Every structure is written in C-alpha cells, then in structure tokens.
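As the structure is a prediction and not an experimental result, all values here were calculated from the model.
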Amino acid sequence: MSLPNNNIQRESRWLGPSGPARTPLIPSISAARWLLVLVVAAGVYFFYGFAVPVLAALVIGFASWPLYRRLLERVSGNTTIAATIAIVLIVTFLVLPIVFAVTYTTGEVREWVAWAVHANRSGAPTPQWIIALPFAGPYLDELWTKYIGSPGSMGEVIQAVSGANIGNIYRAILAAGGGAFHLLLTLLFMLIALFFVYRDGSAFSRQIDMLGERILPNRWERISRVVPATISSTVMGMTLIAIGEGIVLGVAYWIAGVPSPVTLGVLTGIMALIPGGAPLSFTLVSVYLLASGSHIAGVGLFVWGTVELFIVDKTLRPKLVGGPIKLPFLPTFFGLVGGVKTMGFLGLFIGPVLMALIVAIWREWMHEVRNAESGPQVMIDEQAPPTSRAAE
C-alpha cells in the first residue's frame with residue numbers, strides 16, 4: 001500500500017501553473033467597489049453627451065405619465081403601441097411647434113442684428129414713438145443719439161460691455177444657425193429615450209425602488225412619491241402654461257400689429273416661466289403701441305393680456321398644478337438662467353425642474369428635523385401620569 005503523494009501535481013493554467021493561495025492586497029469587497037466606481041466614471045465620461053436628452057425624456061415622461069396610463073388602458077396594455085402613439089402626439093403638439101417657433105425667431109433675430117450692424121455703420125435716428133413718450137422721451141432721445149445715433153457708437157458700447165464688437169456678434173448669430181442641426185439631433189435622441197421610458201418605465205421604476213430602499217430605507221418611500229409629483233407640478237404648472245401664454249399673447253401681438261410677433265411671443269413665453277414675467281412683457285408691448293400712436297391696439301392688448309392672465313391663474317393653473325411644490329421667485333429664476341446656460345434651449349424645461357427637486361428634498365429634510373425635535377416632547381407628554389396632566 002503506497003502512501004499518498006503530497007506533491008500533487010497542480011493543473012496547468014493558461015498563464016502558467018497556479019501558485020499557492022496568498023492574502024490579497026485589496027479585499028474583494030473594496031476591489032468590487034472601486035471597480036464599480038471606475039465603471040460608473042467611464043460611463044459618465046463616454047456618455048455625458050447624452051445626459052441632456054435623457055434627462056429631458058425623464059422629465060417629460062414623469063410629467064405625462066398619468067395621461068400615458070390612460071392611453072395604455074385604451075390599447076389593452078400594449079406598451080409598444082402606447083409608447084408609439086405617445087411619441088407621435090408629443091412630436092405633433094409639442095416638438096414641431098417649438099421647432100417652428102425657434103426657427104422663425106432665429107430669422108427675426110438675424111434681421112435685428114443686421115439692423116444693428118447697419119445702425120452701427122451709419123447711425124440711426126431716434127424713433128418718433130420714443131421721443132413722444134411722456135416724461136422719459138427727451139432723456140431717452142439723448143441716450144439714443146449718444147449711443148446709437150452716431151456711427152460706430154453702438155460697437156463701442158458693445159465692445160466695452162462684452163469685449164467684442166458688433167461684427168463679431170453678428171457673425172456669431174449667423175454661426176448659431178449651424179447649431180440647429182445639433183438641436184435637432186438632441187431632440188431625436190430625446191424622443192428615442194422617451195420611447196423607452198414609456199415602454200419600460202414601469203419595470204425601471206420598480207428596479208429604482210428596490211435600489212432606493214437599500215440606499216435610503218427610511219426616506220425613499222417619501223422622496224420617491226414627492227419627486228414625480230414635483231416634476232408633474234413644475235412642468236404642468238410652469239412650462240406648459242408658459243408655452244400657452246407665449247402662443248396666445250404672440251397671436252395677440254400679431255393681431256395688434258406689433259413688429260416681430262413670433263419673437264416677442266417666444267420671449268413672453270420665456271418670461272412667463274418667471275413669476276410676474278408675462279404681465280411685464282405684454283405691458284411693455286402695450287406701452288410701445290400707445291407710444292407709437294396705436295392707442296386702440298395698445299389698450300386692447302393690455303386688457304386682453306390682463307383677462308387672459310386672470311383666467312389662467314384662477315382656473316387653469318390650480319387644476320394643472322397638483323404637486324406639493326410651489327417654487328419661490330429666486331429658485332425659479334436660478335433654475336431658468338442656470339438651465340439655459342448649461343443645457344441650452346432644453347434648460348428652459350430642465351432647470352426649473354431640478355430646482356423644484358432640490359426645494360422638495362430640502363423641505364422633506366426640514367420636515368424630518370421638525371418631527372425629530374417635536375417627537376421627544378410628545379413622548380414625554382404621553383408618558384406623564386394622569387394626575388400630573390389633571391393638575392395642569
């Protein structure tokens with residue numbers, strides 16, 4: 001009977017014979033975490049260009065999810081058909097009007113810049129309606145003559161303010177037309193992402209809930225309910241109403257005979273995202289009509305804007321704004337300006353939503369702090385003996 005051979009021959013591996021087990025330099029859990037961090041960092045580096053369209057798709061998907069659920073019931077739960085119909089409706093009633101408005105506005109802005117180049121080259125006399133303004137007319141006429149009326153004065157002012165002359169700004173406006181292709185490409189990626197948000201949104205939300213319960217077991221349920229309501233409230237209460245006010249008042253500008261009604265309508269819609277912005281816009285246009293001699297059109301535009309704003313604030317806005325967040329002026333302004341600065345046109349929609357989420361999470365934390373502070377006092381009152389309560 002032969003003794004077992006202790007020198008068991010090890011199996012050969014692809015990179016050579018295996019060595020004896022050694023203590024790893026990095027624990028397996030730490031290595032897995034660092035590997036996960038590296039994978040996430042690589043994904044962010046390679047796919048950060050798609051962050052804006054994906055984020056826009058998530059915002060639109062959250063805001064329109066109640067309507068999508070009704071559509072899903074109409075097609076017997078077929079998510080592919082429902083997602084296709086939803087994309088067609090969004091393209092028809094949201095994307096195409098915005099694209100047409102932006103394209104037309106770009107053309108009108110180019111005309112304004114061309115006029116500015118001509119005024120900078122040859123000078124431009126003060127318009128008669130500015131001279132006719134009560135009280136401020138002579139002062140504005142003096143400023144116009146100083147900074148616009150004389151040749152080259154406008155370019156000097158712009159160069160002093162922005163560090164560039166009017167020619168460079170004009171060329172930059174012309175080059176902005178090339179950015180239309182990038183905008184269309186971003187919209188295309190957004191629609192593709194939105195299709196999959198509609199089709200696979202339920203399964204994805206369940207997976208997010210599973211991960212959220214592991215990360216924030218005591219807070220995730222409340223935050224996950226606040227976030228969709230906040231997005232819906234912000235988009236419905238601010239964005240859609242702003243678009244509607246821009247369209248309605250833009251048509252009113254066209255009827256009143258205001259120059260560049262499409263551009264002014266777009267600017268009014270953007271201003272409507274800020275509290276008090278829409279009244280300021282149509283009031284200034286009404287003042288322009290009154291000063292230029294169109295008294296009936298100016299008064300009619302002001303009355304129509306006031307009535308329209310009253311109807312929206314008293315009837316439509318309370319029905320559309322159903323979420324728990326009502327943004328103050330400063331977060332709304334920062335969200336609008338910061339969104340446009342970092343994300344371009346889509347930042348008009350995404351910026352206020354992100355600020356609303358930050359405000360919602362902040363208020364949730366403040367609510368927890370107040371409950372934590374009032375909780376011990378409530379427990380002491382409940383544990384007090386009945387005799388002491390009666391004595392009180």
Side-chain angles (χ1 to χ4, degrees), residues 56 59-60 63-64 90-112 176 179-180 183 186-187 190 231-289 301-302 304-317 319-321 327 329 331-341 343-356:
V59 169
I60 297 176
S64 59
I90 289 176
V91 170
T92 303
F93 296 102
L94 183 62
V95 175
L96 288 181
I98 292 177
V99 171
F100 290 154
V102 171
T103 303
Y104 197 87
T105 301
T106 303
E108 291 187 346
V109 170
R110 288 181 179 178
E111 294 180 1
W112 290 2
L183 177 61
T186 302
L187 290 175
M190 183 199 72
I231 294 178
S232 178
S233 170
T234 304
V235 174
M236 293 296 183
M238 294 176 55
T239 308
L240 293 184
I241 291 180
I243 293 175
E245 290 185 353
I247 294 174
V248 172
L249 291 175
V251 173
Y253 297 157
W254 175 71
I255 295 175
V258 179
S260 303
V262 177
T263 302
L264 293 177
V266 172
L267 294 177
T268 302
I270 296 174
M271 291 295 294
L273 293 171
I274 305 174
L280 177 63
S281 299
F282 70 75
T283 300
L284 292 177
V285 177
S286 300
V287 170
Y288 161 76
L289 290 174
L301 177 62
F302 182 79
W304 167 250
T306 305
V307 172
E308 181 266 341
L309 191 65
F310 177 80
I311 294 174
V312 169
D313 288 340
K314 297 301 180 182
T315 59
L316 295 180
R317 195 182 298 272
K319 293 181 179 179
L320 292 178
V321 180
L327 279 179
F329 171 79
T332 303
F333 180 76
F334 284 165
L336 177 64
V337 177
V340 173
K341 182 179 179 181
M343 301 179 183
F345 178 74
L346 292 177
L348 290 174
F349 305 89
I350 300 176
V353 170
L354 294 180
M355 291 302 300

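Listed by chain and residue number, Tyr288 satisfy the side-chain contact (heavy atoms from CB on, under 4.5 Å) test with Pro259 (two or more places apart in sequence, or in another chain). With sequence neighbours excluded, the residues that form a side-chain contact (heavy atoms from CB on, under 4.5 Å) with Leu284 are Leu280. With sequence neighbours left out, Leu96 forms a side-chain contact (heavy atoms from CB on, under 4.5 Å) with Val91, Phe100.
Note that OG1 of Thr306 is 9.0 Å distant from CG of Leu301, once rounded to the nearest 0.5 Å. A distance of 9.5 Å separates OG1 of Thr186 from CE of Met190, quoted to the nearest 0.5 Å.
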Test log, rule side-chain contact (heavy atoms from CB on, under 4.5 Å), inputs Ile255 and Trp304: CA-CA 12 Å; Ile255 295 175; Trp304 167 250; over 6 Å; no
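Here the closest non-hydrogen pair linking Ala256 and Leu289 is CB-CD1, 3.8 Å. Closest heavy-atom contact between Pro279 and Thr283: O-OG1, 2.5 Å.
In this structure, Val285 and Phe302 have side chains that are not in contact, with every pair of non-hydrogen atoms separated by 4.5 Å or more.
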Pairs of donor and acceptor atoms involving the side chains of residues 262-278, under 3.5 Å and at least two apart or interchain, shall be tabulated with distances.
residue: Thr263; atom: OG1; partner: Glu108; partner atom: OE1; Å: 2.2
residue: Thr268; atom: OG1; partner: Tyr253; partner atom: OH; Å: 3.0
residue: Thr268; atom: OG1; partner: Leu264; partner atom: O; Å: 2.7

